[in-house]
Amino acid sequence: MAMKKLALFSLLLNLAIVLAIVPKTTGEGYGGGGDDECGDLLGSDLYKDICPEAEAIIFARVRLAVFQDTRMAASLLRLHFHDCFVNGCDASVLLDDTDNFVGEKTAAPNLNSLRGFEVIDAIKQELEFVCPQTVSCADILATAARDSVVVSGGPSWDVQMGRKDSLTASKALANNIIPGPNSTIGNLVAKFQNVNLSLKDMVALSGAHTMGKARCTTFAARLQDSTNPNTPEASLEFIQSLQQLCSVSDSSTLANLDLATPETFDNQYYVNLLSGEGLLPSDQNLVTGDEQTRELVETYAQDMSTFFQDFKDSMITLGRLGPFTGTKGEIRRNCRSVN
């Protein structure tokens, strides 16, 4: 009994510390599109009365995780993206494989790539202690993505709540629908449009690559650009530095997606692209592959406030993709398995 009281006291103390700085959710409009009627059932104030501590708990855990590992901010943001692209934002990406179930974690875009599952586990465990079977894993992912941006210096936005967790997952869809690092502009546009995200959403959401790292194997095609006569002079030194980094025979070697400010959420990613210093081929293609995408890159490189606003709007739209709501789905007790 004494241990339980101590744990509760510790929790309340932590909440008191973070309540003053946690991003506030208001009752204002969604700020984003989405034509799925389930998305229209999401709202800002769902947990206001039934679990008022929810957002403070998530923020505190995210802040701690990023303090311990700055790369975790990008990892948690990416978890939400990979979840929403496959059958909507339903936490299907969190389900573990079992003897009679295959989840999405072993799909090619996710295997040995997605991180942050243990952070979500810790958040869920704490929420289950305070508000049992109330906050869905899908809502945790959406909120943790927002908080990862905030603690890294980026903008905040109202996270719409009310998603339910899926009962299944799709490795096949994860393999086929999530955009890859070597995607052409045509391929990128098609995959974003497939989930009702626009070209503008695509360029704005790509700005998430202002944080995080990538393995040498994901940008191998960029290493050949130093022999391309069309490569901008300013990027040759960048390509040569990548070649040197990846010359060691270690598939786990990592490079920063943003060489200049790798731990800060800002618009430097777009500045890098205009200098020919995009790490992934799909990133650099936003400048070289299409006039519309290049114009957006130029706009975001020149005006960070415009990028922040468009990124917020696109994240809200992303978060409303085909979620289970109402009586559909469930609220998992453990994010790694169905109830």
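Every side chain to side chain contact (heavy atoms under 4.5 Å, CB included) that S152 has, sequence neighbours left out, goes to A73, M211, F265. In this structure F117 satisfies the ring pair (Phe, Tyr, Trp, His ring centres under 6.0 Å) test with no other residue, sequence neighbours excluded. For the ring pair (Phe, Tyr, Trp, His ring centres under 6.0 Å) test, residues two or more places apart in sequence or in another chain that qualify with F81 are F85. Applying the side chain to side chain contact (heavy atoms under 4.5 Å, CB included) criterion to S75, with sequence neighbours excluded, gives R71, M72, R115.
Annotation: side chain of P179 is not in contact with side chain of N187 (no heavy-atom distance under 4.5 Å). Contact annotation: the side chain of L205 approaches that of M315 to within less than 4.5 Å [non-hydrogen atoms, C-beta and beyond]. When side chains are defined from C-beta on, L321 counts as touching L197, because their heavy atoms get closer than 4.5 Å. Side-chain contact check for S252 versus R215: some heavy-atom pair is nearer than 4.5 Å.
The disulfide bond (SG atoms under 2.5 Å apart) analysis of residues 69-104, with sequence neighbours excluded, yields the pairs C84-C89. Within the structure, the salt bridge (charged side-chain N to carboxylate O under 4.0 Å, His left out) test picks out the following pairs touching residues 190-200 (sequence neighbours left out): K200-D310.
No option in D290, L286, L199 other than L199 meets the side chain to side chain contact (heavy atoms under 4.5 Å, CB included) test with L296. Looking at D266, N272, N267 one by one, the single match for side-chain hydrogen bond (donor to acceptor under 3.5 Å, both in side chains) with T210 turns out to be D266. Exactly one of I140, V149, L76 qualifies for a side chain to side chain contact (heavy atoms under 4.5 Å, CB included) with V62. That residue is L76. The one candidate from N112, N110, D96 that meets the side-chain hydrogen bond (donor to acceptor under 3.5 Å, both in side chains) condition with K105 is D96.
D139 places a side-chain N or O within donor-acceptor distance of the main-chain N or O of R163, the cut-off being under 3.5 Å.
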> Could you go step by step and tell me if E298 and L274 meet the side-chain contact (heavy atoms from CB on, under 4.5 Å) rule?
Replying inline: CA-CA 7 Å; E298 290 172 342; L274 293 175; 3.8 Å; yes

> D258 and T261: side-chain hydrogen bond (donor to acceptor under 3.5 Å, both in side chains), yes or no, with the steps?
Replying inline: CA-CA 6 Å; D258 174 359; T261 57; 2.9 Å; yes

> Would I58 and L127 satisfy side-chain contact (heavy atoms from CB on, under 4.5 Å), going step by step from the backbone distance to the final call?
Replying inline: CA-CA 8 Å; I58 297 171; L127 286 172; 4.3 Å; yes

>> Checking D313 against Q309 for the side-chain hydrogen bond (donor to acceptor under 3.5 Å, both in side chains) test, could you report, in this order, the C-alpha distance in whole Å, the side-chain angles of both residues, the deciding distance, and whether it holds?
In response: CA-CA 6 Å; D313 290 345; Q309 185 60 54; 3.2 Å; yes

>> One pair to check against side-chain contact (heavy atoms from CB on, under 4.5 Å): E104 and L95. What are the steps and the verdict?
In response: CA-CA 7 Å; E104 297 165 14; L95 292 172; over 6 Å; no

>> Applying side-chain contact (heavy atoms from CB on, under 4.5 Å) to L223 and C246, what does each step give before you reach the verdict?
In response: CA-CA 9 Å; L223 304 182; C246 297; 4.0 Å; yes

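Taking all atoms of both residues into account, the shortest heavy-atom contact from D147 to E55 is OD2-O, 4.3 Å. Among all heavy-atom pairs drawn from S314 and D201, the shortest one is OG-OD1, 2.7 Å. What you find for V135 and C51 is that their closest heavy atoms are CG2-SG, 4.0 Å. Residue K124 comes nearest to C335 through the heavy atom pair CG-SG, 3.7 Å, listed as atom of the first residue, atom of the second, then distance. In terms of heavy atoms, F238 sits closest to G276 at CD2-O, 3.9 Å. Of all heavy-atom pairs between S148 and V151, the closest is O-CG2, 3.4 Å.
From L242, atom CG reaches atom OG1 of T253 across 11.5 Å, with rounding to the nearest 0.5 Å. Atoms NZ and CG, on K328 and D90 in that order, are 12.0 Å from each other to the nearest 0.5 Å. Atoms CD1 and CG, from I239 and L236 in turn, are 8.0 Å apart once rounded to the nearest 0.5 Å. For the atom pair N196 CG and T317 OG1, the distance stands at 10.5 Å (nearest 0.5 Å).
For Q133, the CD atom is densely surrounded, since the number of other residues' heavy atoms within 6.0 Å is greater than 12. Environment of CD in E118: crowded, with over 12 heavy atoms of neighbouring residues, nucleotides or ligands closer than 6.0 Å.
Under a hydrophobic-cluster definition in which Ile, Leu, Val, Met, Phe, Trp and Tyr are linked whenever side-chain heavy atoms come within less than 4.5 Å, directly or via other members, V130 and I50 are assigned to the same cluster.
For the residue pair S113 and R78, a side-chain donor N or O sits within less than 3.5 Å of a side-chain acceptor on the partner.
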